[in-house]
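What follows is a set of notes on a single structure, which appears directly below.
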There are 2 protein chains.
Amino acid sequence: MTATLADVAARARVSPATVSRVLNGNYPVAAATRERVLRAVDELDYVLNGPASSLAAATSDLVGILVNDIADPFFGIMASAAQSEIGGGPGAREKLAVVCNTGGSPERELTYLTLLQRQRAAAVILTGGALEDPDHAAAVAAKLGRLAEAGARIVLCGRPPLAAPAQGPVAATLTFDNRGGSRRLTEHLLALGHRRIGYVAGPEERTTTRHRVEGHLAALADAGVPPGPLVHGSYDRRSGYDAANELLRLDPSLTAVVAANDTVALGACAALRDRGLSIPDDVSVAGFDDLPFSTDAAPALTTVRLPLHEAGARAGRLAMGKEQLPPGGIATFHGELMVRGSTGGTRA
Amino acid sequence: MTATLADVAARARVSPATVSRVLNGNYPVAAATRERVLRAVDELDYVLNGPASSLAAATSDLVGILVNDIADPFFGIMASAAQSEIGGGPGAREKLAVVCNTGGSPERELTYLTLLQRQRAAAVILTGGALEDPDHAAAVAAKLGRLAEAGARIVLCGRPPLAAPAQGPVAATLTFDNRGGSRRLTEHLLALGHRRIGYVAGPEERTTTRHRVEGHLAALADAGVPPGPLVHGSYDRRSGYDAANELLRLDPSLTAVVAANDTVALGACAALRDRGLSIPDDVSVAGFDDLPFSTDAAPALTTVRLPLHEAGARAGRLAMGKEQLPPGGIATFHGELMVRGSTGGTRA
DNA sequence: CTGTTAGCGCGTTCAA
DNA sequence: TTGAACGCGCTAACAG
């Protein structure tokens, strides 16, 4: 049926070992022999048997990229950038960069890690915020340890470092300064004169959520302004819509709403518009991430730009061992405040 | 080191074959024995060796989902839906659904197909429009034939059927009625009184591009209205921005612009706004796909809604063999015209 | 229902 | 520089 390495060897009149050597290019092979082998490969339309190869070599060319929501460009952009550094290169052995969608479910996260371990993945990139549940964190840390033992390189991207003891197996951590970005965003609102600011937070028990809330509260505390109402929700538009209505119910005098991310912010905007409120004249709205569509909203969204592409690309290179991180293995990416039309001064 | 099946067998005092049987659950095993084995698995923290398993069984639990652009929610939504039908959930026979980002590059598409063939993938889902280059189409068809021979189930999602002889290995095809949707969209514009309509087409040589253009031209032809200017571009915002400017240069009297998709349409809107034109008073704009953010644009985008989630989920089920398609193996999904604020009547 | 026996196709020693 | 032989860890017959 399908051609095997032995078939190629027979056709090229060499031993299977020699074929293996030219295919892997790690051993010296005479130019003439190599030529003959490659021709045979071509003529037989031979494709290496991955499982057999992985079994013998005890490693595979699979690189897993875990994302919380593949339909969200926040993850799509990072994954795309990472993947282009992994699968793209015309270099030696191609790696198969694959993205695994956990949907934010802890069980699925663990399932995927197990499946990647089962496949003897060469590397694993975990993107986005982590769940803060201690049990789950421990389970993930254990799995990562197991993966690293088996030779997988572990990279965290857009995710905070693991707790000290668990950080061991992690080769590199690229983290976003969510706290700082959030703080600057709220400072911007305060500078505009806002004193009653509502907050639409992301899902509870997530590092990203907590850090962004902390930055917000820190800015308020520094200014001596009491926090406004806060509600939690998921990272979708609908959640932002509902949350904005809830915030206004809790405090009808709000003059600004800060959202967990841009998608949520757009949902909040829709809710405000549906109530006949004008943005930013009646209420200012701000998001986070600066996804491509944020600038097309009505009005354009004030937000914090995260270097998603850069972080993803770097994570890809780290996973391939094409780049080393400075001592400590942790790099922090900062966000940039993008002031646009959705925030403005309070009414006189 | 890592525990193997033999270790588990020894600990459970059974043969390796028995362990294999309880793990795969395809064979009758006494409840007591199964219990003992599962305990041993747990105690040893045993994880099946995927490559070894795939080698012996001549198939793997990998399911590949090829997308043109993972950062585009059009693909993210389909991939997410497909993936949720395939893997990650609770259950014994887990499949590993992985998405592969071709970036629209023909070479990478073939590379990924080869890598999936190498891994002995259980199924492959190809999403989105295909390149129309005959050489590439033939190469893809050949690869798919090879994959199918090796036991992979092939599903096309949001992609037209292959040419008759090549359709053989394809288990199922879910296609979008791009032509019909596009035609209805243009009919809507014509009904509003537009007679000079510019068109921002997608990348050349792509089926999606051609079908949408054909539907547009068909509507015009039926109405006896001559086609306006048409320019090609990629599926990003920038491309829409530049294209809109170019269209207005070609014909300053345009009253409407139809774009290849929503992202491009938003870019076009930005260009029009930057020229001081009002939407839809001066120029109407329409998109395609109805991605989630389209409703938040200013004004909200008139577009054609495609059942991306439904198509993706169905593709996932077909890939798993959980569902059969009616004779012919082809199902067509139709788009729904969504009329919103970005299109309006021409000025009197 | 369970154990025994062969490979699956390749990488990698060791010699030559 | 090349070949021969072994084993990676598991599944799939075939017995029993």
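Throughout, a chain's letter reflects where its sequence line sits, starting with A, and its residues are numbered from 1. Please read these numbers as outputs of a predicted model, since none were measured by experiment.
Spacing between atom CG of B/L23 and atom P of D/dA12 amounts to 13 Å, rounded to whole angstrom units. Atom CZ of A/R118 is separated from atom C1' of D/dG9 by 13 Å (rounded to the nearest Å). Taking atom CD of residue B/Q117 and atom P of nucleotide C/dG9, one finds them 14 Å apart after rounding to whole Å. Straight-line distance from the CG atom of A/N24 to the P atom of C/dT12: 7 Å, rounded to whole Å. With rounding to whole Å, B/L5 atom CG is found 15 Å from C/dC8 atom C1'.
Judged as a side chain to side chain contact (heavy atoms under 4.5 Å, CB included), and not counting sequence neighbours, the contacts of B/R153 are B/A123, B/A171. Taking A/R36 as the reference, nothing meets the salt bridge (Lys or Arg N to Asp or Glu O under 4.0 Å) condition, with sequence neighbours excluded. Contacts of A/A57 classified as side chain to side chain contact (heavy atoms under 4.5 Å, CB included), with partners at least two apart in sequence or in another chain: A/T59. Applying the side chain to side chain contact (heavy atoms under 4.5 Å, CB included) criterion to B/E35, with sequence neighbours excluded, gives no partner residue. In this structure, the side chain to side chain contact (heavy atoms under 4.5 Å, CB included) partners of A/R317, at least two apart in sequence or on a different chain, are A/E85, A/A313, A/R314, A/K322, A/E323.
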Nucleotide N/O of nucleotides 2-5 of chain C paired with protein N/O under 3.5 Å:
| from | atom 1 | to | atom 2 | distance (Å) |
| --- | --- | --- | --- | --- |
| C/dT2 | OP1 | B/T33 | OG1 | 2.4 |
| C/dT2 | OP2 | B/A30 | N | 2.7 |
| C/dG3 | OP2 | B/S15 | N | 3.0 |
| C/dG3 | OP2 | B/S15 | OG | 3.3 |
| C/dG3 | OP2 | B/T18 | OG1 | 2.8 |
| C/dG3 | N7 | B/R21 | NH2 | 2.7 |
| C/dG3 | O6 | B/R21 | NH1 | 3.3 |
| C/dG3 | O6 | B/R21 | NH2 | 3.4 |

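Residue pairs meeting the side chain to side chain donor-acceptor pair (under 3.5 Å) criterion with at least one member in residues 131-141 of chain A, sequence neighbours excluded: A/E109-A/H136, A/E132-A/R210.
No side-chain heavy atom of B/V22 sits under 4.5 Å from any side-chain heavy atom of B/V14.
Heavy-atom distances under 4.0 Å link DNA chain C to B/L55, B/A56 of residues 49-56 of chain B, given in residue order.
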Which donor-acceptor pairs under 3.5 Å do the side chains of residues 47-56 of chain B make with protein atoms, sequence neighbours left out?
| from | atom 1 | to | atom 2 | distance (Å) |
| --- | --- | --- | --- | --- |
| B/N49 | OD1 | B/A52 | N | 3.0 |
| B/S54 | OG | B/G50 | O | 3.0 |

